[in-house]
Amino acid sequence: MSFISNLFKKSEDTQSTNGFLSDNTPDTKLTEYKISLNKTVVNLEKSTGVSFDNLKSRVNLVLDYSGSMQDMYMDGTVQEVVTKILPLALKFDDNGELDCYLFSDSFKKVKGCTERNYLNYVKNVIKPNSANMQGTYYAPVLRDILRHDTTDIPTFTIFITDGDNSDPAMTDDVVRQYSTANEFIMFIGIGGAEFRYLRKLDTLDGRPVDNTGFVEFANIRKVNEVALYEKLLSEYASWLKR
């Protein structure tokens, strides 16, 4: 049995300590997260004035697949991120599917995440392989999303990374292009890096609209989903009111 296969081997009736579930294990987390999102939306509608219940958006999840992320794919952190983000797509996306991308020095789009396949999505769809994990380049995947977005509804891209990129100038150019489109990118830094580049994005010149947000969580698995949704949607609401 290979290292990866052995890593993901679990009993059929118990939850593994690394955060993955047996394919036969009932999961209550998604239901809890959907309830939390609905409660959060009610509160945010009052404070932001944005009608989230009538909002339709294309929702993307972009996941860092660089070598430094390997441990977080293996210990269940990324799976927890996917499960927490999925309710946003179920509520807002026009087809109820979370479009997912992986990036390192290149990128690829993988099968979308839905209520039918989210359980063990990392193991069954992403299939982590440390041999394929390389560097950290933001621009190529962002450029591809922009190029293929032909919908009239706004796009909400949630971008997960554990460190700064090797292509800041190219990413600056792509972000400037996004600023004239119906696109908002919410960057989430995880793992405790300094994130110098992402902190500077708020002051990036040459944009008619600030089309990016940034929040960081040293350990995103421990972040309460309500706090996560409040932060993501507050930033998104500010952009929607532009």
Side-chain angles (χ1 to χ4, degrees), residues 1-12 14-25 27 29-30 59-86 89 97-145 147-148 157-167 170-171 174 185 187-193 195 197-198 216-223:
M1 180 178 290
S2 69
F3 171 74
I4 295 296
S5 298
N6 185 62
L7 181 64
F8 287 121
K9 189 177 185 298
K10 306 172 293 299
S11 72
E12 294 185 351
T14 60
Q15 180 172 353
S16 169
T17 57
N18 67 6
F20 296 102
L21 294 172
S22 164
D23 291 334
N24 296 326
T25 302
D27 178 36
K29 280 187 176 181
L30 184 62
V59 183
N60 297 319
L61 177 61
V62 180
L63 294 168
D64 190 334
Y65 199 69
S66 60
S68 58
M69 285 284 294
Q70 180 179 353
D71 288 346
M72 283 186 271
Y73 278 94
M74 302 307 179
D75 69 7
T77 296
V78 176
Q79 177 62 50
E80 178 67 11
V81 168
V82 170
T83 306
K84 282 181 175 175
I85 298 298
L86 177 58
E97 180 172 306
L98 183 62
D99 290 333
C100 295
Y101 298 78
L102 307 178
F103 77 94
S104 54
D105 53 350
S106 59
F107 71 92
K108 67 176 180 178
K109 185 176 183 180
V110 295
K111 183 178 180 181
C113 184
T114 69
E115 283 192 276
R116 296 183 298 278
N117 70 355
Y118 82 93
L119 192 64
N120 291 328
Y121 182 81
V122 168
K123 182 190 76 168
N124 296 333
V125 177
I126 294 177
K127 301 177 181 178
N129 184 342
S130 60
N132 294 330
M133 294 179 172
Q134 305 296 328
T136 308
Y137 290 77
Y138 295 172
V141 64
L142 291 174
R143 186 178 295 113
D144 188 75
I145 292 172
R147 182 183 301 123
H148 290 96
T157 295
I158 300 165
F159 193 105
I160 310 289
T161 184
D162 74 334
D164 278 335
N165 49 337
S166 300
D167 59 344
M170 288 188 291
T171 303
V174 176
I185 314 162
F187 291 93
I188 302 179
I190 61 177
F195 300 109
Y197 174 76
L198 293 178
E216 62 177 313
F217 302 108
N219 188 340
I220 197 168
R221 291 185 74 174
K222 293 183 178 180
V223 174

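These figures come from a predicted structure and were not determined experimentally. Residues take their numbers from the sequence shown, with the count starting at 1.
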May I ask you to test the [X]-[Y] pair for a side-chain heavy-atom distance under 4.5 Å?
X      : Y      : result
Ile190 : Met69  : yes
Ser66  : Asp162 : yes
Arg221 : Asp75  : yes
Tyr101 : Thr157 : no
Ile126 : Leu63  : yes
Thr83  : Gln79  : yes
Ile185 : Ile145 : no

**Study point:** Minimal non-hydrogen separation, Lys109 against Cys100, with atom names
**Key:**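 In terms of heavy atoms, the two residues are closest at CG-O, 3.5 Å.
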Check your understanding: How close do Leu119 and Asn124 get, heavy atom to heavy atom, and via which atoms?
Key ->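 Where Leu119 meets Asn124 most closely, the heavy atoms are O-ND2, 3.8 Å.
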Review point. If you round to the nearest 0.5 Å, how far is CD1 of Ile158 from CG of Asn60?
Key: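 Going from CG on Asn60 over to CD1 on Ile158, the span is 8.5 Å.
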Review point. Got a sec, which residues hit side chain to side chain contact (heavy atoms under 4.5 Å, CB included) with Asp105, two or more places apart in sequence or on another chain?
Key: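 Here the qualifying residues are Gln134, Tyr137.
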**Study point:** Parallel, tilted or perpendicular: ring planes of Phe103 versus Phe159, cut at 30 and 60 degrees
**Key:**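 Plane angle between 30° and 60°, so tilted.
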